Each structure stands twice: as C-alpha cells, then as structure tokens.
Amino acid sequence: MAATYNHKSVEKKWRGRWEAHPINVNDGRKPKYYCLDMFPYPSGSGLHVGHWRGYVISDVWSRYKMLHGYYVIHPMGWDAFGLPAENYAIKNGVHPKISTAQNVANIKRQIKDISAVYDWDMEVNTTDPEFYKWTQWIFVKMFKAGLAYEKEMPINWCPSCKTGLANEEVVNGCCERCHSEVTKKNLKQWMLKITAYADRLLEDLDQLDWPEKVKKMQSDWIGRSYGAEVDFKVEGTDKAITVYTTRPDTLYGATFMVLAPEHVMAKELATDETREDVENYIYRASTRSNIDRMQDKEKTGVFTGSYAINPLNGAKVPIWLSDYVLADYGTGAIMCVPAHDDRDFEFAKKFSLPIIQVIAKDGREIENMTEAYTEASGTMINSGEWNGMESSVLKREAPAMIEKMGYGRKKVNYKLRDWVFSRQRYWGEPIPIVHCPDCGCVPVPEDQLPVLLPEVEKYEPTGTGESPLAAIDSWVNTTCPCCGKPAKRETNTMPQWAGSSWYFLRYVDNKNKEELVGKERASQYLPVDMYIGGVEHAVLHLLYSRFYTKFLHDIGVVDFDEPFKKLFNQGMINGKNGVKMSKSMGNVVSPDDLIEDYGCDALRMYELFVGPPEMDAEWDDRGIDGVRRFISRLWNLIQDSAAAPAAETADMIKLRHKMIYDITARLESFSLNTVISGFMEYTNKLIELAKRQGGIDKETMDTVVTLLAPFAPHAAEELWETLGHEESVFENNQWPQADEEAMKDDALEIAIQVNGKMKGKVTLAVDADRDTALAAAREALGSRYPENAIKEIYVPGKIINIVAK
RNA sequence: GCGGAUGUGGCGGAAUGGCAGACGCAGCAGACUCAAAAUCUGCCGGUGGUGACAUCGUGCGGGUUCAAGUCCCGCCAUCCGCACCA
C-alpha cells in the first residue's frame with residue numbers, strides 16, 4: 001500500500017521544484033497567451049477566500065493554456081496608490097510608503113500560497129517611481145495632445161475623503177469609496193478629455209468578447225443620443241434660448257419651455273411680478289443636495305413671466321424654471337411637449353399648462369389623455385406642413401430639416417463627461433505640471449520625469465481643496481522649464497485609476513528605462529487575451545483603460561486600440577446569508593488556515609466547486625471536506641495501481657474518452673464548478689471499474705492526472721512522478737484529446753414513459769428500430785402497458801413515450 | 001419607473017425540450033475498532049403503502065408540445081445596474 005495523501009509534504013516539495021525549475025518558460029517558439037488578473041490594492045486586511053476565487057480561476061485557465069502549448073503571460077502587481085492605502089496609513093499612523101510595503105509583503109505571501117504560475121519577474125507597483133514616471137509621461141503626452149486641460153467648475157466633492165471625484169466615482173449621490181454624501185465644490189481641476197473618445201469607446205464595444213452586462217453598462221454610461229438643438233427667441237428681446245431635443249418631430253406640440261434653475265438666463269427672464277418667486281426658487285434649488293433632488297419625485301417649478309417663440313409656428317410659450325431639468329446636460333433648457341413626454345405631461349398637469357397632441361395614435365387623437373404617448377409611431381397632426389407624415393420618419397429627418405430652415409442644427413449628445421483628474425490627496429502621482437506666471441501651464445520635460453512624490457510629515461488631507469503637497473514650499477517652488485523664472489508646481493495628485501489604466505502594458509517590459517513598453521515586446525505579447533476580475537469596475541477601470549489604450553495607440557506606443565479581448569467577471573464570495581465579507585461584520589474567512597488544514601489543492605478545487613464562477617456564492621467551510629476526500633480517493637487509486645498497471649480494456653478506454661470529452665467541454669464553457677463535480681463522478685466510476693477488473697491501465701492514469709493538473713497541480717505532479725515521468729506534467733504540453741468514436745456506446749438504457757410520466761427503463765441497442773423498441777417497452781411494462789394506447793413515440797437513444805387516453 | 005440576473009431537497013448546486021435533484025455537504029443505518037477518529041457500504045424531496053408501486057413536486061397563474069425546470073404569455077419575490085439625460 002502506497003503512502004496516503006499528505007498535502008503538506010507534497011505541496012512543499014512541488015513548490016520548491018517549480019521555483020528551481022520554472023514550468024512556464026518562453027522558449028521563443030510557443031505562441032503566447034496573456035491571462036491577466038485585476039491587480040489588487042494592498043490593503044491591510046489581506047486576502048480572503050473571495051479574492052482567492054478570481055486568482056484560482058485565472059490560474060486554472062493559465063495552466064490549461066500551458067497544457068495546450070502556450071507560453072502564458074500571467075503577471076501580478078500592486079495598485080498601491082490611492083485612497084485605501086492612504087486611509088489605512090492615516091488610521092494606523094504609519095507613513096503610506098511603509099504600510100504599503102508591509103501590506104504588499106503580506107499579500108504577496110498569501111498569493112504565493114495559491115501556487116499560481118505568476119511570473120514575479122514581471123511584477124509592477126504603481127508607486128514605484130520607475131513605474132509612475134510613465135504614468136506621468138502619459139499625462140504629459142495627453143497635455144500636449146490637448147486632452148488634459150485645467151478648468152474651474154463645480155465638481156463632485158467628498159467631504160469625508162476631502163477630495164474631488166470623477167462622475168464615475170459617485171454612486172447614487174454618494175462616494176464610491178466611503179459612501180458619504182457627495183457635495184459640489186468649485187475647484188480648479190485637471191480634466192481629461194475622455195469625451196473626445198466617446199464614439200470610439202461606444203462603437204468598439206462591438207468587437208469585444210465581454211459579458212453583455214458590462215458592455216451595456218459602458219454603452220449606457222456613454223449615453224449617446226441623436227437629436228437637434230432648436231433656437232427659441234425670447235419675446236420682446238433679441239435674445240434666444242437654445243434647447244436640445246431628441247424628439248424634434250414633436251416641435252409643434254411644444255406648449256412651454258423649462259430651464260434649469262442654474263441656467264445663465266434664469267434670473268434675467270424674471271419680470272417685476274415674478275422676480276421674488278424666481279429668485280427664491282433659484283436659491284432653494286441651489287441649497288438642495290443631489291440626494292434630495294433625486295428622491296423628491298414630485299415636480300416643482302416657477303413661471304419666469306417671460307415667453308419664448310416657437311420658430312416653426314410663432315406660438316408663444318411660457319418659460320418656466322424647474323429642477324427636473326439638469327443644468328449640465330444638453331443646453332440646460334428644454335422645450336416641453338406634454339402630450340408626448342412623461343415628465344412634461346406630469347409638469348403640465350400640475351401647473352395646468354396646455355397639452356397639444358401632434359401624433360395620432362392608431363389614426364386619431366387620444367381622448368381624455370391620462371398619460372403621455374411617448375412612442376414615435378403614428379401620423380403627424382396639428383403640425384402645419386408636417387401633417388400626415390409618419391412620426392418615426394420625421395423624427396429621423398427633422399434635425400436636418402430644422403437646420404435647413406435656419407431654426408437650429410443637428411446635434412449628438414452624450415451623458416459621458418470629461419474625467420475630473422485632480423485629487424487633493426497625498427498618496428498619488430504628482431501631476432507633472434509647472435505653473436508659470438508668464439508661460440502658464442508648462443509640462444515637466446519628459447527627460448525630467450518622474451516628478452518624485454516628496455516625503456512629508458503631514459500627509460492627512462487638508463479639506464481646503466488643496467493637496468497636502470501645497471504646504472511644502474521647498475517642493476512647490478521651482479523654476480519654469482520654459483523661461484527659467486520662478487514658478488510653482490502643480491500640487492494635486494492623480495486619481496487611483498491613473499496607474500491601473502495602463503499597468504497591463506508595463507508587465508511585459510517592466511524594466512525598460514527608455515520606453516513605456518518596447519515596440520517589439522508590445523507587438524509580441526500584447527494585448528491581453530483574457531482578463532479576470534470583479535464586475536465593480538465596469539464603468540471605472542475598464543472604461544479608463546480603454547481610453548488610455550486608444551490614446552496610446554493614437555500616439556504610436558501600441559498597435560492595438562482595445563486592451564482586453566475577453567473579459568470574465570467572477571461572482572463575489574459572501575459570508576453566511578449573503579452578507580458581504582468584511583472586517584466590521586467579522587465574517588471574513590482567511591485562506592491561510594484552510595491551506596494548513598486541507599492543502600492548497602483542496603482549497604483551489606473547493607473555490608471552484610462552490611458554484612458557477614460568474615455567480616455570487618456563500619462560503620461554507622464544511623464543503624471543503626468533500627473535495628479533500630475526492631483528492632484522497634483519486635490519490636489512492638493511482639498510487640495503488642501505478643506500480644503494476646492493469647491491461648487496457650474496452651470499458652476503460654470508453655470511460656477515459658468520455659471523461660476527456662466532458663471535462664474539456666465544461667472547461668471550455670467556463671463551467672468550472674461542474675468540472676469539479678465531473679472529476680468526482682468519473683473518479684467514482686474509475687474506482688468502481690478498477691475494482692471490478694482488478695486495476696487501471698497506464699494511459700488512463702496519465703490522462704486523469706493531466707486533466708487534474710490545472711486544478712490540483714501539486715497532487716498531479718506527484719502522481720505524474722509516481723507514474724514514472726521525469727519531466728513536469730506541464731512540460732508534457734499535451735492536453736488529452738477525446739476520440740468520439742471510442743466514446744460511443746452500443747447499447748443505451750432509455751426511459752419508457754406513459755403520457756410523459758416515467759414508468760420504466762429498457763436497454764436497447766443504439767440503432768434499435770421502432771418495432772424492436774416498442775416490443776421491448778411492451779415487455780418491460782408488462783401489465784402496466786396501457787391498453788388504450790393511441791400513439792407511440794420512439795426517439796432513438798432518447799425516449800419511448802406511450803400516449804394513452 | 002427602466003434594464004438585467006436569479007428563484008430547483010435540510011444546505012451548495014446539476015440537468016443540448018426527453019428518467020428532476022448528478023456531484024458534494026449535512027443527516028441516518030451498518031462494517032471495521034475495546035472505543036473513538038479516519039475509511040468503506042447502504043439509505044436519504046413530500047404524502048400514502050410492509051412492499052412492488054401510486055401520487056404530488058423545480059416561485060405563482062395560464063399556454064404550446066407525445067413530452068416543459070428548460071419554449072411562449074401574464075404575475076410575484078430577491079439581488080444588481082441606471083434613474084427626471086429631454
């Protein structure tokens with residue numbers, strides 16, 4: 001009897017071997033496959049079993065690709081700048097540089113326990129000056145391309161994090177990071193013109209093999225709409241108000257106009273009678289928080305006292321103010337067609353404004369309208385020369401017609417805003433700009449990068465809208481790179497997302513001092529073939545990365561313009577009752593103890609076994625016993641047979657090929673939980689068959705061990721060695737091939753139903769004809785065969801169904 | 001409000017329209033043991049029946065089909081995303 005499975009000694013042995021003899025080497029002949037994990041930020045609490053899941057999935061996939069003969073690029077690094085690291089440092093009174101280094105060391109130890117095939121020579125850290133030199137370099141390039149600009153405007157401000165935020169970082173009016181309510185603050189900000197890439201970011205989604213959900217989230221976030229701007233003259237003045245509409249076909253139905261309270265003309269439209277009400281309304285709107293404004297669905301508004309003239313028919317329409325119109329979308333003013341827009345309808349009802357229908361639904365006007373008819377489908381009525389046209393056609397053609405008539409112009413709008421890029425925090429990349437009184441904003445020359453983040457005593461955020469860096473006079477005061485006169489450094493830092501927007505490019509050439517990434521390496525190893533991580537970055541990191549990659553493509557750094565060909569979002573692992581794992585809930589399960597007790601291989605397999613990889617799962621320690629027992633059973637089977645393999649039998653060959661087929665198909669469809677159950681199922685069958693025929697043959701054992709290798713690499717290597725192989729199972733590079741001929745059964749057990757209900761079974765030859773099958777069914781059911789059968793269904797290989805009255 | 005996902009035993013979950021509950025956990029019984037652990041064997045949705053079996057059963061209500069967890073229509077619940085974007 002061979003030694004029982006001892007995960008500690010086996011795993012220690014093979015970890016040592018792999019370190020001495022790496023198994024994933026680039027021999028220059030293999031094709032490459034780039035399998036990337038979303039890199040972690042080194043938090044102080046370390047990894048829990050939920051983080052592990054994604055890393056296990058990517059490692060299984062990487063090893064699977066290795067076994068197909070690929071050189072797999074599988075790197076790991078640290079997203080170490082940004083708020084989490086800094087907040088952790090502040091809370092614990094340690095400099096972020098020190099705490100970050102400690103956390104990296106701890107998490108690296110934990111990640112090494114996964115025994116993934118990470119290539120640590122490729123490691124990057126976003127806080128390394130050799131790395132952020134290039135983060136700054138990209139900013140300088142964007143500045144030179146006119147894509148980075150400074151602007152003073154009211155931006156989203158998190159009073160708790162004491163910094164400005166990008167739109168993408170505000171979730172339901174709250175800070176994405178700390179969930180405090182976000183306020184507005186007027187600040188001079190660096191902005192990145194991501195809107196210049198809006199069309200490409202939208203249209204190129206089509207070519208990506210990404211989850212539809214993520215593509216839709218990005219496409220909704222970009223929010224492109226087609227319509228027209230229409231100019232309405234203000235009665236009695238020579239001024240005009242421009243509105244944006246996606247429904248210019250309904251222009252004849254405009255019975256009033258609404259401006260956002262923040263609209264520049266809001267105040268001047270007030271008359272003597274309305275001035276007090278108008279100013280009150282504007283004031284009240286300015287003091288209401290975003291959250292109030294979102295929760296309060298009841299429409300409010302005030303009449304300005306002024307009228308606008310519909311250019312098409314000269315109709316006089318009252319101009320109102322209401323906070324349901326957003327100041328920063330379109331022109332901040334809308335024309336209102338209550339008959340064909342829900343919000344306008346509600347407003348018109350509340351303030352008793354006229355409603356004119358201009359689209360006939362089903363050929364006639366709607367009587368006693370109780371809700372707006374919002375579809376662009378029907379014949380135009382009450383619309384002058386447009387009468388009789390089809391609304392859907394007019395909707396498409398009206399922008400051009402209006403432009404031709406001189407009343408406005410075609411217009412495409414986006415929800416996407418430019419990216420607020422300044423952070424008033426210490427722990428980030430300094431923005432490499434010098435402010436010169438004479439020359440203005442001057443980028444730091446590329447050969448002087450990086451602009452090092454200075455050491456400071458006080459790195460807590462100030463809350464004043466200035467970064468802590470502003471207090472370091474010796475650092476702030478510098479000379480202008482352009483004219484040499486005294487000048488001041490930009491003191492804001494970049495957001496957390498800056499480094500992560502391009503880190504995946506650096507892995508493949510992380511020691512290059514001359515270039516962000518060398519041309520040759522870039523074209524050889526990039527882009528990423530498979531990207532694995534959580535769905536929470538759908539419109540943050542994943543949108544920013546695409547933007548950066550497109551920009552780097554445009555300036556000739558890389559020759560592709562989409563970074564991640566395929567994306568997989570793994571589900572979260574929660575604690576009991578679906579509660580998110582967190583320190584404060586005290587329900588965090590650390591992988592460390594589980595590895596100690598059950599072994600890395602068992603934990604790897606259990607991480608997959610808990611459920612479909614794309615779905616959330618509740619962690620329950622107890623289940624890991626089952627996986628551990630499975631490994632032991634398979635271990636014993638092979639250890640016992642390895643010394644004296646049995647001869648091949650027809651049954652064993654058939655079982656082997658079925659196993660190859662099933663495991664491979666499930667792997668290819670990423671159904672990793674059923675791969676594990678498949679292993680258990682087939683192992684049980686192998687054990688049973690081996691028992692019956694006195695052993696298992698060599699080729700079947702080799703096959704099982706190879707299939708197992710991506711999942712339980714240590715156990716697989718040990719068994720592979722036991723089977724007499726000298727090289728690593730991964731150096732064998734042979735994923736088993738299923739022979740479909742060899743899998744075929746000549747007889748099948750099929751079910752017999754009566755009226756669709758299972759009544760019995762019968763074993764039939766695969767090619768049994770109808771008469772044979774029905775005769776067999778009749779015999780099998782005996783007296784239970786219905787006498788009044790009216791129809792007999794026989795689907796070869798599937799079913800017999802007797803239909804009876 | 002709009003969009004998407006999910007809903008199956010005590011639990012996690014499995015089922016190209018064709019035997020619902022694979023696989024595993026937990027549980028029960030047995031073997032081994034002085035005993036326990038480990039391991040092995042068997043049972044394991046509800047109801048009725050000693051039993052062969054019968055009957056109900058995949059969130060709810062309809063429908064299509066010889067046959068529906070699966071397809072279609074209408075609901076409900078939970079979760080996620082968006083949320084006055086004109």
Side-chain angles (χ1 to χ4, degrees), chain A residues 4 171-173 211-214 216-217 220-221 223-225 227 243-248 250 254 258 260 293-299 322-326 328-337 340-344 346-347 374 413-417 535-536 538-539 571-572 576 578 605-606 609-612 614-630 632-633 636 665-666 671 673-684 687 749-761 784 789-795 797-804:
Chain A
T4 52
V171 179
N172 292 326
E212 285 308 314
K213 177 188 163 95
V214 175
K216 184 162 191 317
M217 280 169 75
D220 287 351
W221 188 260
R224 182 166 72 185
S225 70
V243 302
Y244 173 70
T245 179
T246 55
R247 294 297 303 278
T250 64
V258 178
R293 222 165 135 158
M294 277 187 305
Q295 276 169 354
D296 190 7
K297 296 279 178 182
E298 180 79 7
K299 298 245 179 313
S322 175
D323 65 4
Y324 85 87
V325 175
L326 305 176
D328 61 355
Y329 180 79
T331 61
I334 58 169
M335 66 172 207
C336 297
V337 185
H340 304 290
D341 181 279
D342 291 326
R343 296 147 303 182
D344 299 347
E346 192 190 329
F347 195 86
T374 57
N413 254 325
Y414 302 87
K415 290 190 206 174
L416 183 70
R417 297 281 89 120
V535 75
E536 65 273 16
V539 288
M572 271 204 312
K576 261 221 160 343
M605 294 191 95
Y606 185 57
F609 191 54
V610 288
E614 70 281 4
M615 304 274 275
D616 291 355
E618 277 178 35
W619 188 264
D620 182 354
D621 274 352
R622 281 178 303 186
I624 196 172
D625 281 310
V627 174
R628 166 67 206 221
R629 282 174 199 146
F630 152 73
S632 291
R633 276 203 310 277
N636 292 338
R666 294 174 189 190
S671 178
N673 55 325
T674 63
V675 171
I676 307 301
S677 61
F679 271 124
M680 293 172 171
E681 219 174 321
Y682 279 103
T683 298
N684 292 343
I687 290 171
E749 190 178 60
I750 71 172
I752 307 164
Q753 298 178 334
V754 174
N755 288 334
K757 297 217 160 61
M758 220 279 285
K759 295 289 170 185
K761 291 175 191 179
R784 291 190 297 143
I790 51 174
K791 198 171 174 185
E792 291 155 321
I793 313 264
Y794 169 53
V795 184
K798 295 257 164 102
I799 204 90
I800 295 168
N801 190 12
I802 318 296
V803 188

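Predicted, not measured: the structure shown is a model, and the values here were computed from it. All chains are named by letter (A, B, ...) in the order of the sequence lines, taking the proteins before the strands, and each is independently numbered beginning at 1.
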Problem - Distance between C1' atoms of A83(B) and C11(B) (Å, rounded) - result: 37 Å

Handout entry: Nearest-angstrom distance from the residue atom CG of D620(A) to C1' of G24(B)
Key = 11 Å

Handout entry: Gap in Å between the two P atoms, one belonging to C75(B) and one to A14(B), rounded
Key = 29 Å

Exercise for the section: Between C56(B), G24(B), C82(B), spot the one nearest the side chain of K757(A), thanks. Expected result: C56(B)

Fill in the blank from the handout: Per atom distances to the N172(A) side chain, the nearest of A86(B), C80(B), A83(B) is A83(B)

Practice task
For the side chain of D625(A), starting at C-beta, report the closest nucleotide among A26(B), A15(B), C66(B).
Solution key: A26(B)

Fill in the blank from the handout: For C71(B), the nucleotide meeting Watson-Crick or G-U wobble distances (both under 3.5 Å) is G63(B)

Practice task
Can you tell me, in whole Å, how much space there is between the P of A52(B) and that of G59(B)?
Solution key: 29 Å

Handout entry: Phosphate contact (C25(B) OP1 or OP2) by R629(A) side-chain N/O below 4.0 Å
Key = yes

Problem - Proximity to the side chain of F609(A) - top-ranked nucleotide from C19(B), G24(B), C53(B) - result: G24(B)

Problem - Interatomic distance at C1', G69(B) relative to A22(B), whole Å - result: 15 Å

Practice task
Mind checking the CG-CD1 spacing from L326(A) to I334(A)? Nearest 0.5 Å is all I need.
Solution key: 9.0 Å

Problem - Rounded distance (Å) that lies between atom P of U55(B) and atom CZ of R784(A) - result: 10 Å

Exercise for the section: Please determine, for the side chain of V803(A), which listed nucleotide (C80(B), C66(B), C19(B)) has the closest atom? Expected result: C66(B)

Handout entry: S677(A) side-chain N/O to G13(B) phosphate OP1/OP2 under 4.0 Å
Key = no

Practice task
Under 4.0 Å between any heavy atoms, over every strand shown, what does K759(A) touch: base, sugar-phosphate, or nothing? Just pick one.
Solution key: sugar-phosphate

Exercise for the section: State which of G18(B), C23(B), A86(B) makes the closest approach to the side chain of V795(A). Expected result: G18(B)

Completion exercise
Of G18(B), U16(B), G24(B), the nucleotide closest to the side chain of R633(A) is G24(B)

Handout entry: G51(B) versus U6(B) - spacing of their P atoms, nearest Å
Key = 40 Å

Practice task
Would you classify N684(A) as touching base, sugar-phosphate or nothing, given that sugar-phosphate means primed atoms plus P, OP1 and OP2, and contacts are heavy atoms under 4.0 Å?
Solution key: sugar-phosphate

Problem - Earlier contact from the 5' end, RNA chain B, for I334(A) and I793(A) - result: I793(A)

Exercise for the section: Report yes or no: do S671(A) and T674(A) form a side-chain donor-acceptor pair below 3.5 Å? Expected result: yes

Practice task
Remember a base hit wins even if backbone is also touched, and classify E618(A) as base, sugar-phosphate or nothing at under 4.0 Å, heavy atoms.
Solution key: nothing

Exercise for the section: Would you indicate, yes or no, if A86(B) has its OP1 or OP2 atom less than 4.0 angstrom from a side-chain nitrogen or oxygen of Y329(A)? Expected result: yes

Practice task
Indicate, with a heavy-atom threshold strictly under 4.0 Å, whether F679(A) touches base, sugar-phosphate, or nothing.
Solution key: nothing

Exercise for the section: Could you check whether N801(A) gets within reach of a base, just the sugar-phosphate, or nothing at all, counting any heavy atom under 4.0 Å? Expected result: base

Practice task
Mind checking the CG-CZ spacing from D344(A) to R247(A)? Nearest 0.5 Å is all I need.
Solution key: 11.0 Å

Practice task
Could you tell me whether K299(A) sits above the aromatic face of F347(A), with NZ or CZ closer than 6.0 angstrom to the six-membered ring centre and within 45 degrees of the axis?
Solution key: no

Practice task
Kindly assign one of parallel, tilted or perpendicular to the pair F630(A) and F679(A), based on the angle between their ring planes and the thresholds 30° and 60°.
Solution key: tilted

Practice task
Look up atom CE in M680(A) and atom CZ in F609(A), then write down how far apart they are to the nearest 0.5 Å.
Solution key: 4.0 Å

Problem - Minimum-distance nucleotide (side-chain atoms of T674(A) versus C82(B), A20(B), A14(B)) - result: A14(B)

Practice task
Determine the interatomic distance between P on U41(B) and the same-named atom on A26(B); round to the nearest Å.
Solution key: 16 Å

Fill in the blank from the handout: Relative to its sugar, using the 90° cut-off around 0, the base of G24(B) is anti

Handout entry: Atom C1', compared across A86(B) and C76(B): separation rounded to whole Å
Key = 33 Å

Practice task
Look at the side chain of K798(A) and decide which nucleotide, out of U16(B), A22(B), A86(B), has an atom nearest to it.
Solution key: U16(B)

Exercise for the section: Specify the separation, in whole Å, of atom CG of N673(A) and atom P of C23(B). Expected result: 15 Å

Exercise for the section: Using the P atom as the reference point in each nucleotide, state the distance between C72(B) and G17(B) in Å, no decimals. Expected result: 12 Å

Practice task
Name the closest nucleotide to the R622(A) side chain, picking from G18(B), C25(B), C66(B).
Solution key: C25(B)

Exercise for the section: Test for a donor-acceptor pair under 3.5 Å between the base of C66(B) and the side chain of K791(A), counting only N and O atoms. Expected result: no

Problem - Close aromatic pair by centroid cut-off 6.0 Å: W221(A) and Y414(A) - result: no

